[in-house]
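This report refers to the structure that appears directly beneath it.
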Amino acid sequence: MEPLGLVVHGKAEPFSAALRSLVNNPRYSDVCFVVGQERQEVFAHRCLLACRCNFFQRLLGTEPGPGVPSPVVLSTVPTEAFLAVLEFLYTNSVKLHRHSVLEVLTAAVEYGLEELREVAVTFGLGQLQERCVAFIEAHSQEALRTRGFLELSAAALLPLLRSDKLCVDEAELVRAARSWARVGAAVLERPVAEVAAPVVKELRLALLAPAELSALEEQNRQEPLIPVEQIVEAWKCHALRRGDEARGAPCRRRRGTLPREHHRSLDLSFK
């Protein structure tokens, strides 16, 4: 049996720097991309892209014929994001920036770069969440009817239910929360109330009219969703005929809250 050879590792930094110098370098390049709305030329090396990424392997196809190959047009990806993708493919590392991380994330998903996608999500999580919440705030009723809403995690649903800017009435939001909890209960094989527990405390039951609150209470007996104590607190607001601002969000209107007669006596505010 032939003896095992010795594996020698050179220094990683000079190797990475050398490869980084090839990013968007026309020297020795054999493929040119026309990128973004500004149609900027970006130079790359076909063999490296093809061996690192299945997307580019399919895109670039066979070896180019004689003559100057035609540029590959990628008009939907911003130039800065595309250069970040190239840097990652060439060096297996990349420096991300807050202002462009979402575009890099989009490109990583499109090109099937799982490692880059995970890093971009982690780096841009706060900004990504803000954009998603803002979109749902503006399109609340449509979003609540989607399958994606039903598949949200409790952690993702919480920022939505805490928002004052949702363009949806509380009665509809309660129904949506029940549908979400039912789906989660079926998937996790747990009781609806247990699945709903982390999020239902953000429902603003004091916004409901007495008749709606009575109907909810009856439905809650048949299919527990909301803790009894939370319903009792809503009834207290009605009995005292005032909103307790010290309690915060439960007595604040949302942007989409429909007016009800008792709102005037509760002095419910919108912030």
>> Looking at R260 and E212, is any side-chain nitrogen of the basic one under 4.0 Å from a carboxylate oxygen of the acidic one?
In response: yes

>> Keeping N25 on the side-chain end and S21 on the backbone end, is there a donor-acceptor pair under 3.5 Å?
In response: yes

> For the side chain of T146 and the backbone of E142, is there at least one donor-acceptor N/O pair under 3.5 Å apart?
Replying inline: no

>> Which residue is it: H45, R52, R20? I am looking for the one with a side-chain hydrogen bond (donor to acceptor under 3.5 Å, both in side chains) to Y90.
In response: H45

>> To the nearest 0.5 Å, what is the distance between CZ on R254 and SG on C167?
In response: 11.5 Å

>> So if I apply the side-chain contact (heavy atoms from CB on, under 4.5 Å) rule between V168 and each of L173, T257, I136, which one comes out positive?
In response: L173

>> Quick check: do E151 and V183 have side-chain heavy atoms less than 4.5 Å from each other?
In response: no

> Quick one: does H139's side chain have a donor or acceptor within less than 3.5 Å of a partner on F135's backbone?
Replying inline: yes

>> Contact between S163 and L166 at the side-chain level, heavy atoms closer than 4.5 Å - yes or no?
In response: yes

> Between R46 and D30, which heavy-atom pair has the shortest distance, and what is it?
Replying inline: N-OD1, 2.7 Å

>> Could you measure the distance from the CD atom of Q40 to the CG atom of L74? Nearest 0.5 Å is fine.
In response: 13.0 Å

>> Minimum heavy-atom separation for D169 and L258, please, with both atom names.
In response: OD1-N, 2.8 Å

> Same cluster or not: are V23 and V34 linked, directly or through other Ile, Leu, Val, Met, Phe, Trp or Tyr residues, by side-chain heavy atoms under 4.5 angstrom apart?
Replying inline: no

> Of all heavy-atom pairs between L152 and W180, which one has the smallest distance, and what is that distance?
Replying inline: O-NE1, 2.8 Å

> Does a side-chain N-to-carboxylate-O contact under 4.0 Å join R182 and E223?
Replying inline: yes

>> Treating T106 as the side-chain partner and L102 as the backbone partner, does any N or O pair qualify as donor plus acceptor under 3.5 Å?
In response: yes

> Is there a side-chain hydrogen bond (donor to acceptor under 3.5 Å, both in side chains) between W235 and E217 once you walk through the steps?
Replying inline: CA-CA 11 Å; W235 279 120; E217 196 169 23; 3.3 Å; yes

> Does E110 come within less than 4.0 Å of R117, counting only side-chain N to carboxylate O?
Replying inline: no

> Near R190 CZ, under 6.0 Å, is it more than 12 heavy atoms from other residues, nucleotides or ligands?
Replying inline: yes

> Quick one: are L113 and C53 in side-chain contact, heavy atoms under 4.5 Å?
Replying inline: yes

>> Counting C-beta onward and ignoring hydrogens, is there a side-chain heavy-atom pair between F88 and V104 closer than 4.5 Å?
In response: no

> Would you call the rings of Y111 and F56 parallel, tilted or perpendicular, where under 30° means parallel and over 60° means perpendicular?
Replying inline: tilted

> Does CD in E114 sit with more than 12 non-hydrogen atoms of other residues, nucleotides or ligands closer than 6.0 Å?
Replying inline: yes

>> Do R162 and L158 have side chains that approach each other closer than 4.5 Å (heavy atoms only, starting at C-beta)?
In response: yes

>> Any heavy-atom pair between the side chains of F33 and L49 that's under 4.5 Å?
In response: yes

> Is there a side-chain hydrogen bond (donor to acceptor under 3.5 Å, both in side chains) between E80 and H97 once you walk through the steps?
Replying inline: CA-CA 10 Å; E80 184 176 354; H97 301 278; 4.9 Å; no

> Any salt bridge between D164 and R252, counting N to O under 4.0 Å?
Replying inline: yes

> Does a side-chain heavy-atom distance below 4.5 Å link H263 with L207?
Replying inline: yes

>> Show, in sequence, the C-alpha distance, side-chain angles and deciding distance for E172 and R145, and conclude whether the salt bridge (charged side-chain N to carboxylate O under 4.0 Å, His left out) test is met.
In response: CA-CA 11 Å; E172 187 173 350; R145 299 188 184 104; 3.6 Å; yes

>> For the CD atom on E38, are there more than 12 heavy atoms of other groups (residues, nucleotides or ligands in this structure) within a distance under 6.0 Å?
In response: yes

>> Tell me whether E170 is salt-bridged to R204, with the criterion being a basic N under 4.0 Å from an acidic carboxylate O.
In response: no

> F43 ring centre to R27 NZ or CZ under 6.0 Å, with the angle to the axis within 45°?
Replying inline: no

> So, S16 side chain and A12 main chain: donor-acceptor pair closer than 3.5 Å or not?
Replying inline: no

> Which atom names give the shortest non-hydrogen contact between E115 and N92, and what distance separates them?
Replying inline: OE1-OD1, 4.2 Å

